[in-house]
Protein chains: 2
Amino acid sequence: MNAKPPTSLDVARLAGVSQATVSYVLNDRPGMRISDETRARVREAADRLGYVPHAGARTLRTGRSGLVLISMEDIPYGPLAVGMLEELDRELSRRGYTLVQYGARRLRGVPAARAWAELRPVAVLAGAGKLSRQALEVLRSAGVKAVIALGNQPSPVVPSVALDHEGIGVLAAGHLIDRGCRTLAAIVPTEVGLREMGERRLAGVQRVARARGVPLTRVDLPFREESAAALADLWRAVDGVFAYNDEYAMLLMAVLGDAGLTVPGDVRVVGCDDLPLAALLRPRLTTVRLDLSAMPSTLVQRLEELIAEGQGTPYRIDPWTATLVVRESS
Amino acid sequence: MNAKPPTSLDVARLAGVSQATVSYVLNDRPGMRISDETRARVREAADRLGYVPHAGARTLRTGRSGLVLISMEDIPYGPLAVGMLEELDRELSRRGYTLVQYGARRLRGVPAARAWAELRPVAVLAGAGKLSRQALEVLRSAGVKAVIALGNQPSPVVPSVALDHEGIGVLAAGHLIDRGCRTLAAIVPTEVGLREMGERRLAGVQRVARARGVPLTRVDLPFREESAAALADLWRAVDGVFAYNDEYAMLLMAVLGDAGLTVPGDVRVVGCDDLPLAALLRPRLTTVRLDLSAMPSTLVQRLEELIAEGQGTPYRIDPWTATLVVRESS
DNA sequence: TTGTAGGCGTTATCAA
DNA sequence: TTGATAACGCCTACAA
């Protein structure tokens with residue numbers, strides 16, 4: 001019960017060989033010719049003792065932990081992100097790495113990067129906001145080989161995997177104008193963490209609206225029914241709204257209905273994310289679907305490049321695809 | 001650039017003291033009287049070098065990693081769970097532990113528990129399904145002090161924090177019958193991972209329905225509009241449905257509307273989770289709200305008990321609260 | 001008040 | 001084909 005965990009030395013003793021042999025066998029080190037009988041004895045002994053190697057000791061000795069840290073706070077949890085995470089985990093463990101989600105807020109004034117560095121990870125994925133030059137220095141000096149920024153906009157200091165939020169706005173605005181909308185509005189959420197994304201998406205809408213001569217109103221909106229309902233006059237004055245995402249679209253459609261406005265007759269609405277609820281709204285919601293399925297492999301590829309070649313390149317953006325899912329009845 | 005990370009010895013040399021002194025100062029070890037000047041010199045040196053202690057080495061030496069592992073797969077990601085996780089992280093780091101989310105699937109046939117054990121965590125939180133007696137043995141033998149099962153039903157072998165899904169069903173059924181429903185249906189999702197929970201909730205509905213003499217139909221339903229629509233006859237035959245959760249409730253309400261049935265006039269519907277969308281449906285959705293706010297602190301408390309006293313107790317369930325949010329207009 | 005020395009579990013070098 | 005042995009970075013009992 002209170003016995004200390006068995007070590008490779010324990011295994012060696014039980015198998016009647018040396019510690020080194022145990023290491024050779026268990027890591028089946030190439031180039032070492034060890035008799036099958038010895039191998040079997042070692043394996044058997046390890047099994048019987050329930051031997052599990054000590055990751056810390058191995059890291060200490062080899063200088064490589066194989067850990068890939070990803071910060072929890074910077075992941076917009078949802079079906080999309082979770083699926084991507086799981087695939088990323090699979091992909092990484094396939095290549096011998098270990099993905100670990102790690103909090104970014106530390107108490108006692110210890111900055112996040114410092115806490116990450118203690119684990120001597122081989123790579124760190126974190127929101128661009130948390131990768132200050134200073135944080136980066138801490139990581140580099142702790143031997144982190146690859147740092148990649150996640151988030152809404154690219155980091156100026158490390159390679160980034162950033163969603164092209166403007167592209168979403170472009171897609172949505174194009175659709176609305178194509179369908180005949182002449183007066184647009186675009187919702188920007190006021191929630192922290194969302195506003196930034198909202199503004200990027202807005203920028204895309206703006207670009208298209210300007211290019212095609214359609215007036216556009218920016219609507220800063222908290223996710224509250226009363227707030228949306230209070231803008232009834234505004235909704236009456238436009239005929240097309242990009243709602244930022246499907247949840248905002250649902251909020252909007254609820255208050256539009258309450259105000260006696262019809263969709264898409266009086267106002268067209270476009271959401272984003274293609275949540276299950278999008279197809280369940282009446283009328284069904286037209287939305288922008290993000291395809292992140294290519295992201296895990298891209299991420300891993302970049303990661304291995306950085307690990308191999310060193311973190312040379314300053315920054316760049318990685319691709320993904322967005323498609324419009326048209327559901328409006330018309 | 002390629003310099004190896006500074007060690008405490010480097011700090012000692014720069015500060016002109018011994019390695020031991022560095023350790024004393026940086027961990028401000030009580031009982032050690034070290035001059036303020038020395039302290040300052042050590043701190044200064046550590047800063048200048050960007051010294052970050054090596055977690056692996058410390059774990060190796062002290063025998064304690066302070067790591068608390070939680071398995072990613074067993075968390076039903078959503079606003080509720082994410083908030084709880086963040087609070088748990090805060091709570092744990094406040095007490096000197098480090099929460100880390102870790103994948104449960106390993107390749108190469110290495111079972112999850114074995115991979116967890118390599119990190120020598122002090123505690124492991126994982127789905128009851130992953131905590132077989134065998135897995136537990138591996139963990140215990142690796143020095144894991146506390147193992148707590150998360151999930152839908154308690155583990156027979158370790159302490160569990162399990163949601164009282166039956167209670168949800170009881171609450172929902174009570175409400176429906178109180179409001180005059182005489183023929184109930186309860187949805188059980190067919191998705192893996194959800195079905196189990198659905199059946200627990202169903203059991204609660206069943207208990208109440210039986211006790212109050214109300215007939216109940218179990219409806220196994222995939223989350224697809226066509227499937228729900230195909231059951232139009234069934235929906236017509238009941239006057240109260242517990243929809244498992246808010247998303248299913250939304251699905252149901254969409255097809256009810258399509259079939260010309262009114263809510264709550266023809267059929268009453270109760271959801272669960274009190275998602276934002278619940279208040280946005282028309283009519284607004286009555287739902288069961290889960291309050292998990294007490295869970296992180298309870299969890300941490302149990303954890304520390306187990307660490308201190310050893311994993312003695314076989315198992316038990318921990319509390320939480322569910323409340324009914326009534327929104328129906330009537 | 002500070003320094004010396006040993007060992008935690010693992011891998012790798014070298015010798016047998 | 002296998003076995004001693006040293007070293008990774010840190011902490012701590014003990015010595016000075």
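Protein chains get the first letters and strands the later ones, always in sequence-line order, with residue 1 at the start of each. All values below come from the heavy atoms of this structure, side chains included, with hydrogens, waters and symmetry mates left out. Since the model is a prediction, treat every value here as computed from it, not as a measurement.
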*Specify the residue among Arg39(B) and Ala57(B) whose closest nucleotide of DNA chain C lies further upstream toward the 5′ end.*
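The residue whose closest nucleotide sits nearer the 5' end is Arg39(B).
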At 4.0 Å (heavy atoms only), tell me whether [X] reaches a base, stays on the sugar-phosphate, or touches nothing.
X	value
Thr7(B)	sugar-phosphate
Leu60(B)	base
Pro5(B)	nothing

Is any side-chain N or O of [X] closer than 4.0 Å to OP1 or OP2 of [N]?
X	N	value
Ser8(B)	dG9(D)	no
Thr21(B)	dG3(C)	yes
Arg58(A)	dG9(C)	no
Thr38(B)	dT2(C)	yes
Ser18(B)	dT2(C)	no

Measure from the side chain of [X], starting at C-beta and using heavy atoms only, and say which of [options] lies closest.
X	options	result
Asn27(A)	dT11(C), dC10(D), dG9(D)	dT11(C)
Tyr24(B)	dG9(D), dT11(C), dG3(C)	dG3(C)
Ala20(B)	dT11(C), dT12(D), dA12(C)	dT12(D)
Ser35(B)	dT1(C), dT10(C), dA4(D)	dT1(C)

*asked:* Taking side-chain contact (heavy atoms from CB on, under 4.5 Å) as the criterion, tell me which of Val144(A), Leu99(A), Val122(A), Thr98(A) meets it with Leu67(A).
replied: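 Exactly one candidate clears the test, Thr98(A).
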*Give me the one residue out of Val158(B), Leu299(B), Val124(B), Val68(B) that meets side-chain contact (heavy atoms from CB on, under 4.5 Å) with Ile148(B).*
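Single side-chain contact (heavy atoms from CB on, under 4.5 Å) partner of Ile148(B) among Val158(B), Leu299(B), Val124(B), Val68(B): Leu299(B).
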_Intermediate values then yes/no, salt bridge (charged side-chain N to carboxylate O under 4.0 Å, His left out), Arg302(A) and Glu305(A)_ = CA-CA 5 Å; Arg302(A) 294 276 184 263; Glu305(A) 285 173 22; 3.7 Å; yes
_With a 4.0 Å cut-off on N to O distance, would you call Arg39(A) and Asp36(A) a salt bridge?_
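Not counted as a salt bridge, because no side-chain N and carboxylate O are separated by less than 4.0 Å.
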*asked:* Tell me if the side-chain of Tyr51(B) makes a donor-acceptor pair with the base of dG9(D), cut-off 3.5 Å, by modelled atom types.
replied: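 Check fails, no donor-acceptor contact within cut-off.
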_Tell me whether the side-chain N or O atoms of Arg61(A) pair up with the base of dT10(C) as donor and acceptor below 3.5 Å, since no angle test is needed here._
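Checked by distance alone, the answer is no.
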*Check for a donor-acceptor pair, side chain of Ser65(A) on one end and backbone N or O of Arg120(A) on the other, with a separation under 3.5 Å.*
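The answer is yes, because a donor-acceptor pair under 3.5 Å joins these two groups.
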